[in-house]
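Step one of this worksheet: look at the structure below.
Small disclaimer: the values here were computed from a predicted structure and weren't measured. In what follows, every chain begins at residue 1, and chains take the letters A, B, ... in the order their sequences are listed.
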Amino acid sequence: MIPISYYLILSGIVFLTGLVGVLIRRNIIAILLSVELMLNATNINFVAFSDHLQDLGGQVFVFFALTVAAAEVAVGLAIIIALHRSRSTINVEEFNLLKW
Amino acid sequence: MSLVFFGYFGGMVAITSMLVVALRNPVYSALSLLVMLFHVAGLFVILHAEFLAAVQVIVYAGAILVLYLFVVMLLNVKEDDRYHSQWRIAAVVCVPLVIESIVLLSGGAGSTGHDSRSLESGPHGGIAADNTLAIGKTLFTTYLFPFEVASLVLLVAMIGAIVLAKRDFSESREL
């Protein structure tokens, strides 16, 4: 069997990649894709521990995480479309209306 | 043997997740995220979570990624390098699917002894049926209230998306 530390390292790598993507990308769609990366990293963790501890709760929680991810994508993409309609760009550096 | 599968799926997940961040064109980013989601489904198969692997492919790759691609095409970000030859992507997507089916078939044959029983959907069927059955029972007994709340979350998200993306009448007359 594969040790659980391998899964933890893998999901750590994926989560850090998503975090870096949120921080360095300027395209707002790429930022949402990076958020998806982070959600998937946590899903890998949940399922790995669910298999390790022989508890189905982890898999059920991944189910709920999927639901929340779908809701997040729907609302986030609607916000992006509204932003694009008002500013005609999807570069986050152009959105400085709330900047202090 | 399972270490080889883990090495392949984990390596591909790591590489494609870095490609999601590194590629400049959002269409390519979304497509590499698609490849990554398929390989995460492969990891779920290794971890004996076959139902979640199916849900991952259907919901994530089938619904969420298509939504992303729709918006990328709708916003028309880059017109020049949006088109590409599609067979390479299809090949990369096919490889994890083939490996997943091999793992599923070999696991089902090994545990039950003969293949026909593992394909049946019943309480005494193969591993996949058992996993789905167990998740269903847990979901509708222990986690019944969170399940109902999740449906409410989806409803609110649907209404919110419609309200946010709706065009006003006066605005649409101007355009």
B/Phe70 versus A/Leu77: any side-chain heavy-atom pair under 4.5 Å?
no
What's the shortest heavy-atom distance between A/Ser34 and B/Val21, and which atoms?
OG-CG2, 4.2 Å
Looking only at heavy atoms, what is the nearest atom pair of A/Ala74 and B/Ala161, with distance?
O-CB, 3.8 Å
When you measure from the side chain of B/Tyr68 to the backbone of A/Leu32, do you find a donor-acceptor pair of N or O atoms at a distance under 3.5 Å?
yes
Part of B/Ile135 within contact of chain A (heavy atom distance under 4.5 Å)
both
Per-residue contact mode, B/Leu52 against chain A (heavy atom under 4.5 angstrom):
side chain
Scanning both residues in full, the closest heavy-atom pair of B/Ser17 with A/Leu37 reads O-CD1, 3.5 Å
For A/Phe61, does the CZ atom have more than 12 heavy-atom neighbours from other residues, nucleotides or ligands under 6.0 Å away?
no
Do the side-chain N and O atoms of A/Asn40 and B/Gln56 include a donor-acceptor pair separated by under 3.5 angstrom?
yes
With rounding to the nearest 0.5 Å, note down the distance linking OG1 in A/Thr17 to CE in B/Met36.
8.5 Å
Go through the atoms of A/Ala41 and report whether side chain, backbone, both or neither lie under 4.5 Å from a heavy atom of chain B.
neither
Check whether A/Ile13 gets within reach of chain B through its side chain, its backbone, both or neither, counting any heavy atom under 4.5 Å.
side chain
Test side-chain contact (heavy atoms from CB on, under 4.5 Å) applied to B/Val59 and A/Phe63, step by step:
CA-CA 10 Å; B/Val59 173; A/Phe63 197 75; over 6 Å; no
Under 4.5 Å from a heavy atom of chain B, the part of A/Val60 involved:
side chain
Between CG of B/Leu69 and CD1 of A/Ile29, what distance do you get to the nearest 0.5 Å?
9.5 Å
Nearest-0.5 Å distance that lies between atom CD1 in A/Ile80 and atom CG in B/Leu164
11.5 Å
Closest heavy-atom pair, A/Val47 versus B/Ala49, reported as atoms and distance to 0.1 Å, is CG1-CB, 3.8 Å
Segment of B/Val20 engaging chain A (4.5 angstrom heavy-atom cut-off):
both
Chain B heavy atoms under 4.5 Å from A/Ala30: which part of the residue, side chain, backbone, both or neither?
neither
Tell me, for B/Leu23 versus chain A, whether the close heavy atoms (under 4.5 Å) come from the side chain, the backbone, both or neither.
backbone
Might you point out which heavy atoms bring B/Ser29 and A/Leu33 nearest each other, and give the distance in Å?
CB-CD1, 3.6 Å
Suppose we call two aromatic rings close when their centres sit under 6.0 Å apart. Are A/Phe64 and B/Phe147 close by that rule?
no
Provide the closest heavy-atom pair for A/Leu56 versus B/Ala134 in the form atom of the first, atom of the second, distance.
CD1-CB, 3.2 Å
Under 4.5 Å from any heavy atom of chain B, what part of A/Leu10 do you find: side chain, backbone, both or neither?
side chain
Quick one: does A/Tyr7's side chain get under 4.5 Å of B/Leu43's, heavy atoms only?
yes
Do A/Thr67 and B/Leu154 have side-chain heavy atoms sitting under 4.5 Å apart?
yes
Between B/Met158 and chain A, with a heavy-atom cut-off of 4.5 Å, which part of the residue counts as in contact: side chain, backbone, both or neither?
neither
Just wondering, do B/Tyr60 and A/Leu39 contact through their side chains at under 4.5 Å, heavy atoms?
yes
Counting only heavy atoms closer than 4.5 Å, note whether B/Ala63 contacts chain A via side chain, backbone, both or neither.
neither
